[in-house]
Amino acid sequence: MPELPEVETMRRGILAIVGAAIRDVRSAGGRLKPIGLEPKLPAFRRRCMGQTIQDVRRVGKRVVLELGSSQVIVFEPRMTGLVLLSDPPDPEHLRMRIALKGSRHGELLYWDRRGLGSVRLLRPDEFDVRCGPEQLGPDALTVSADELQSRLGHSRRAIKVALLEQKAIAGIGNLYASEILHAARLDPLRPACALARRDWVRLQGAVRDVLLAAIQYEGSTLADGTYRNALNQPGAYQHQHRVYGRAGEPCRTCGRARVVRVVLAQRSTFFCPRCQLRL
DNA sequence: CCCCAGTCCTGCGGGC
DNA sequence: TGCCCGCAGGACTGGG
């Protein structure tokens, strides 16, 4: 479940390929259903060959390689995708290999166990349409309290559900939504439109603090072990989780109530009924 | 327009 | 031991 902290960790982990050129593009993953690849491999390869990687950016939960021709390669890992400079967790779920020259790393890999992710090569106008402000709201790391309130504050949905809407705010996923609302001491079931001004200010602080801390710890690697950084090493933020995945265990903040799990919009949601009581 | 449920995909763990 | 089912939740789609 790479969310903003995991994708930002991937981005930082492959920054060393800036300046390298693409020597070849090959697909992999024989028995598996193919991932979303656009365009198909022959055109993808032809359009990338020899292109210099000028920058590595993050757009929401996507890793974006800017090429010399102003085309971009967009990696969208979704649930189980990884961008790697080292050996992948296993060979059978390797989906794509991008051979490099002019870098101490010979290859950039895309690995994806469930294959819900995608790799796309887009021209600038396509990128603007598919990954632009129509599709993705302001980045969660830098969004202001005013923006947060104006973009979510009219919704009658539970604030936990509203926070997951990428068109409103980009980067927050299911895991960090629970952690953020706990840090903000807000009831995840509360309608977004019922939040007061002081709640939005506290929420924005929690969004920033939780995401920055998670980046410092290089993201969350859950029990299934899927998420890895670019060198195939696990993150450590899972040890800092206050509520996510801890149903029935004592809240790590108050220690006096047990964490509750509810399902909102078909997603697991965790909260402490004592720390996050509706005020 | 707003919002929800269903879909994709794979591996894992529980129940029998 | 093997099989089936449900679950995990990214983003998208169809429909109420």
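Note on naming: letters A, B, ... go to the chains in the order of the sequence lines (proteins, then strands), and numbering restarts at 1 for each one.
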dG6(B) and dG6(C): how far apart are their C1' atoms, nearest whole angstrom? 15 Å
Choosing from dC9(B), dG6(B), dG10(C), which nucleotide comes nearest the side chain of Lys33(A)? dC9(B)
Under-4.0 Å side-chain N/O to phosphate OP1/OP2 contact, Ser268(A) with dA8(C): yes
Have a look at Arg120(A) and say if it touches a base, only the backbone sugar-phosphate, or nothing, with a 4.0 Å heavy-atom cut-off. nothing
Between Asp187(A) and Gln276(A): side-chain donor-acceptor atoms closer than 3.5 Å: no
What is the separation between atom CE on Met79(A) and atom P on dC12(B), rounded to the nearest whole Å? 14 Å
With rounding to the closest Å, how many angstrom separate the P atoms on dC7(C) and dA5(B)? 14 Å
Rounded off to whole Å, could you give me the CG-to-C1' distance for the Asp224(A) and dC9(B) pair? 14 Å
How do Leu116(A) and Lys167(A) order along DNA chain C: which one's closest nucleotide is nearer the 5' end? Leu116(A)
Taking dG9(C), dC3(B), dA5(B) as options, the one with an atom nearest any side-chain atom of Ser155(A) is dC3(B)
Within the 4.5 Å heavy-atom criterion, are Asp112(A) and Leu94(A) side-chain neighbours or not? no
Write down the distance between CD (Glu165(A)) and P (dT13(C)), rounded to a whole number of angstrom. 13 Å
Using a 4.0 Å heavy-atom cut-off across all strands, classify Gly115(A) as base, sugar-phosphate, or nothing. nothing
Gln166(A) has an atom CD; how far is it from atom P of dG10(C), in whole Å? 8 Å
Picking from dC3(B), dA8(C), dG10(C), which would you name as closest to the side chain of Arg267(A)? dG10(C)
Expressed as a whole number of angstroms, how long is the span from Trp111(A):CH2 to dG11(B):P? 9 Å
Test item: Cys131(A) and Arg62(A) side chains (from C-beta on) under 4.5 Å apart, heavy atoms: yes
Between dG9(C) (P) and Arg78(A) (CZ): distance, integer Å: 16 Å
Out of dG10(C), dT10(B), dA5(B), minimum distance to the side chain of Arg114(A) belongs to dT10(B)
Please state how far atom CD in Gln135(A) lies from atom C1' in dT13(C), giving the value in whole angstrom units. 13 Å
Base, sugar-phosphate alone, or nothing: which one does Glu76(A) contact when heavy atoms must sit under 4.0 Å apart? sugar-phosphate
Checking side-chain polar atoms at under 3.5 Å, does Tyr227(A) have a donor or acceptor matched by the opposite partner on Glu218(A)? no
Would you indicate which nucleotide in dA8(C), dC4(B), dC8(B) comes nearest to any side-chain atom of Tyr244(A)? dA8(C)
Just to be sure I understand the rule, does Tyr176(A) reach a base, reach only the sugar-phosphate, or reach nothing, if contact means heavy atoms closer than 4.0 Å? nothing
For the side chain of Arg113(A), starting at C-beta, report the closest nucleotide among dA11(C), dT10(B), dG9(C). dT10(B)
Tell me whether the OP1 or OP2 atom of dG11(B) has a side-chain N or O from His93(A) closer than 4.0 Å. yes
State, with a plain yes or no, whether a side-chain heavy atom of Cys272(A) is found less than 4.5 Å away from one of Arg252(A). no
Using whole Å, report how far CG of Leu37(A) lies from C1' of dC8(B). 17 Å
Do you know which of Gln54(A), Gln51(A), Arg57(A), Gln71(A) makes side-chain hydrogen bond (donor to acceptor under 3.5 Å, both in side chains) with Glu66(A)? Arg57(A)
